[in-house]
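Notes follow the structure.
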There are 2 protein chains.
Amino acid sequence: MLLTRASEYALLALDIIRNSEKPKGAEQLSIELSIPKSFLAKILQGLAKEGILESKKGAHGGFVLVKKSSEISIASIVIAAEGKTPAVFDCSQYSDTCPNGVIGSCTISPFLVTFQNKVDTFLQKLTLEDIFK
Amino acid sequence: MLLTRASEYALLALDIIRNSEKPKGAEQLSIELSIPKSFLAKILQGLAKEGILESKKGAHGGFVLVKKSSEISIASIVIAAEGKTPAVFDCSQYSDTCPNGVIGSCTISPFLVTFQNKVDTFLQKLTLEDIFK
DNA sequence: ATAAATTAGAGTAAAATAGTCTTAATTAGA
DNA sequence: TCTAATTAAGACTATTTTACTCTAATTTAT
Ligand code: SF4
Ligand code: SF4
């Protein structure tokens with residue numbers, strides 16, 4: 001699978017956060033979405049680190065959107081949630097067992113690059129606003 | 001990752017097979033590609049089952065293409081290699097823990113469907129011949 | 001002060017990936 | 001017809017990734 005639960009939970013949570021006036025707490029979100037609280041909290045922390053969310057500590061704290069929905073790309077969300085850009089096939093991960101010896105110089109490499117570009121472009125063009133229309 | 005080593009090995013092997021006159025044995029392929037023989041054999045067996053390759057047992061046996069390269073879609077190869085169509089995010093796998101209760105009715109579902117369609121279409125349109133141009 | 005919240009990081013359980021190994025079946029050719 | 005070369009099938013194992021949990025520390029509105 002290209003996306004893991006981290007991206008799913010991030011997107012589901014962001015849809016609620018963007019429709020809320022007040023900061024939304026991780027616990028409240030976890031209840032509304034039936035998602036494990038600790039796991040969701042970790043994911044939201046990641047989004048905050050990447051500047052997608054602002055986090056407010058302490059009483060009545062929680063998470064709020066920093067930018068407008070139309071200014072947040074799905075790519076940035078997924079990268080923040082997954083910790084890396086979603087890969088079609090990550091050769092670098094197999095650098096020591098690449099059948100071809102030198103990464104990027106095999107016969108299927110051009111196909112993989114093209115495919116990855118398609119995916120990247122698709123995610124970069126889409127905004128948070130777009131997907132909830 | 002969307003694709004696993006099974007797809008990588010399948011595509012690398014198919015490029016050699018299609019350029020060979022005689023049947024190519026799993027062992028020979030595994031040597032040329034520096035791929036574990038048993039693992040590659042399993043993958044080639046899968047391709048044979050799906051009608052992408054023909055397998056010839058016994059001495060001087062091996063694998064040959066059934067159709068022309070231009071008549072084999074990358075989608076069919078990947079599906080044969082992976083045992084399933086490559087999923088952007090497989091909700092059905094999480095049917096019992098779907099935060100939304102009913103699969104396909106959440107706010108992000110339309111996005112996932114669109115994304116999956118993009119991937120499917122891309123792979124269906126490409127043929128084995130295309131990617132080695 | 002206190003209670004409500006995020007933060008940080010270590011640790012764990014389950015699942016998927018990436019293989020191996022062994023035995024059986026088939027077949028070209030000597 | 002024997003033999004060596006080859007695929008077929010399936011159980012098994014090792015490694016890695018995913019999907020979490022738990023605890024202690026920190027921050028902040030009231
Ligand atoms: S052989 Fe090609 S696809 Fe495989 S790891 Fe090396 S560069 Fe990547
Ligand atoms: S909530 Fe939506 S994305 Fe998540 S499993 Fe259910 S249907 Fe799929």
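Residue numbers start from 1 in every chain, and the chains themselves are labelled A, B, ... in the order their sequence lines are given, proteins ahead of strands.
A side-chain donor-acceptor contact under 3.5 Å links B:D120 and B:Q116. Remark: the B:E82 side chain and the B:T4 side chain contain an N/O donor-acceptor pair separated by less than 3.5 Å.
Cation-pi geometry between A:R5 and A:F39 is not met at under 6.0 angstrom from the ring centre and within 45 degrees of the axis.
Residues A:S73 and A:T127 are not in side-chain contact: their nearest non-hydrogen atoms beyond the backbone lie 4.5 Å or more apart. Using a 4.5 Å heavy-atom cutoff, the side chains of A:L44 and A:S55 are not in contact.
Looking at heavy-atom distances under 4.0 Å, A:K49 makes contact with sugar-phosphate atoms alone, never a base. Across all strands shown, B:S38 has heavy atoms under 4.0 Å from base atoms, whether or not it also approaches the sugar-phosphate. If you check every strand for non-hydrogen atoms under 4.0 Å, A:K56 touches sugar and phosphate atoms only. No contact: B:E8 has no heavy atom under 4.0 Å from any strand. Using a 4.0 Å heavy-atom criterion, one finds that A:Q93 contacts the sugar-phosphate atoms exclusively. Across all strands, B:A26 comes closer than 4.0 Å only to sugar-phosphate atoms, never to a base (heavy-atom distances).
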Take B:V119 and A:F115 through the side chain to side chain contact (heavy atoms under 4.5 Å, CB included) test and state the conclusion after the steps.
-> CA-CA 9 Å; B:V119 168; A:F115 196 178; 3.9 Å; yes
Verdict with reasoning, B:L53 to B:L14, per side chain to side chain contact (heavy atoms under 4.5 Å, CB included) | CA-CA 9 Å; B:L53 288 173; B:L14 284 170; 3.6 Å; yes
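Interface limits on DNA chain D: the 5'-most and 3'-most nucleotides within less than 4.0 Å of chain B heavy atoms are D:dA5 to D:dA19. Put simply, chain A comes within 4.0 Å of DNA chain C, heavy atom to any atom, from C:dA4 to C:dA18, going 5' to 3'.
For B:E32 and B:K24, the salt-bridge test passes: some basic side-chain N is under 4.0 Å from an acidic carboxylate O.
Nucleotide D:dA29 is matched to C:dT2 when pairs are restricted to Watson-Crick or G-U wobble geometry with both distances under 3.5 angstrom.
Where A:A59 and B:R5 each meet DNA chain C at their nearest nucleotide, the meeting point lying more 5' is that of A:A59. Across the interface with DNA chain D, nearest-nucleotide mapping of A:G58 and A:F39 shows A:F39 to be the residue nearer the 5′ end.
Here CD of A:Q45 is found 6.0 Å from CZ of A:F63. Values are rounded to the nearest 0.5 Å.
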